[in-house]
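Read through the structure below, which is laid out as structure tokens, and then see the notes.
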Amino acid sequence: KYEGQLFDNDAKKDVYAAWDPSQPRSPLNFNPFETWEGNSPDASGFYPGEGGYKDPIRGDVSFQKMMDERAESEQRAANPKPGDVPGAPGCRN
């Protein structure tokens with residue numbers, strides 16, 4: 001959805017809102033905040049080293065934005081989506 005476009009925190013939140021962890025992982029169904037070996041996925045859910053990976057267009061960040069994103073991340077971790085469990089079809093396993 002955001003390939004070739006700005007893939008900032010707002011775009012990631014949009015992708016996350018549409019993500020269904022009970023459905024198979026795909027370029028349109030993935031958790032953009034999920035990391036794999038310390039890396040974040042691109043705008044299509046691929047990680048560095050995978051065949052379809054494309055470096056996403058990232059937005060500018062400031063310390064305040066990073067702190068806001070950290071708070072959001074902690075909130076997501078404390079309140080995962082229903083079905084967001086290890087081994088779920090929509091997660092990177």
Side-chain angles (χ1 to χ4, degrees):
K1 180 176 180 178
Y2 287 95
E3 189 171 319
Q5 299 178 42
L6 182 64
F7 197 54
D8 60 358
N9 196 52
D10 289 333
K12 290 180 180 183
K13 288 190 287 189
D14 181 49
V15 171
Y16 182 80
W19 173 57
D20 181 353
S22 68
Q23 296 300 311
R25 196 172 190 286
S26 72
L28 296 176
N29 188 56
F30 67 96
N31 179 352
F33 298 107
E34 181 178 40
T35 58
W36 184 257
E37 297 180 352
N39 294 303
S40 295
D42 69 4
S44 296
F46 294 104
Y47 291 89
E50 292 185 321
Y53 180 79
K54 295 180 182 171
D55 196 27
I57 300 170
R58 296 177 176 91
D60 290 332
V61 294
S62 66
F63 182 75
Q64 185 58 52
K65 277 188 178 182
M66 290 180 0
M67 296 308 293
D68 294 344
E69 289 175 11
R70 179 179 178 179
E72 290 172 4
S73 176
E74 290 170 351
Q75 184 70 16
R76 266 190 308 278
N79 301 290
K81 280 189 161 191
D84 183 5
V85 295
C91 296
R92 170 70 190 235
N93 297 300

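The existence of a salt bridge linking K12 and E69 is excluded, since no basic side-chain nitrogen approaches an acidic carboxylate oxygen closer than 4.0 Å.
In this structure, the side-chain contact (heavy atoms from CB on, under 4.5 Å) partners of P27, at least two apart in sequence or on a different chain, are S44, F46. With sequence neighbours left out, the side-chain contact (heavy atoms from CB on, under 4.5 Å) criterion links K54 to E3, D42. Remark: D20 pairs with S22, Q23, N29 by the side-chain contact (heavy atoms from CB on, under 4.5 Å) rule, at least two apart or across chains. In this structure, the salt bridge (Lys or Arg N to Asp or Glu O under 4.0 Å) partners of K13, at least two apart in sequence or on a different chain, are D10, E72.
The two atoms that bring K1 and D14 nearest to each other are NZ-OD2, 2.6 Å, heavy atoms only. Shown here for A43 and P56, the closest heavy-atom pair between the two residues is N-CB, 4.4 Å. The two atoms that bring P48 and S40 nearest to each other are CD-O, 3.9 Å, heavy atoms only.
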Under the side chain to side chain contact (heavy atoms under 4.5 Å, CB included) criterion, do E37 and Y47 qualify, and how do the steps go? CA-CA 9 Å; E37 297 180 352; Y47 291 89; over 6 Å; no

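A side-chain donor-acceptor contact under 3.5 Å links S62 to the backbone of K65. Listed for the K81 side chain is a donor-acceptor partner under 3.5 Å among the backbone atoms of W19.
Relative orientation of the F33 and Y16 rings is perpendicular, given thresholds of 30° and 60° on the angle between their planes.
Taking a 4.5 Å side-chain heavy-atom cut-off between Ile, Leu, Val, Met, Phe, Trp and Tyr, the cluster of F30 extends to Y2, F7, V15. The hydrophobic cluster of L28 has no other members, since no ILVMFWY side-chain heavy atom comes under 4.5 Å of it.
Here the side chains of N31 and C91 are not in contact, with every heavy-atom distance at 4.5 Å or above.
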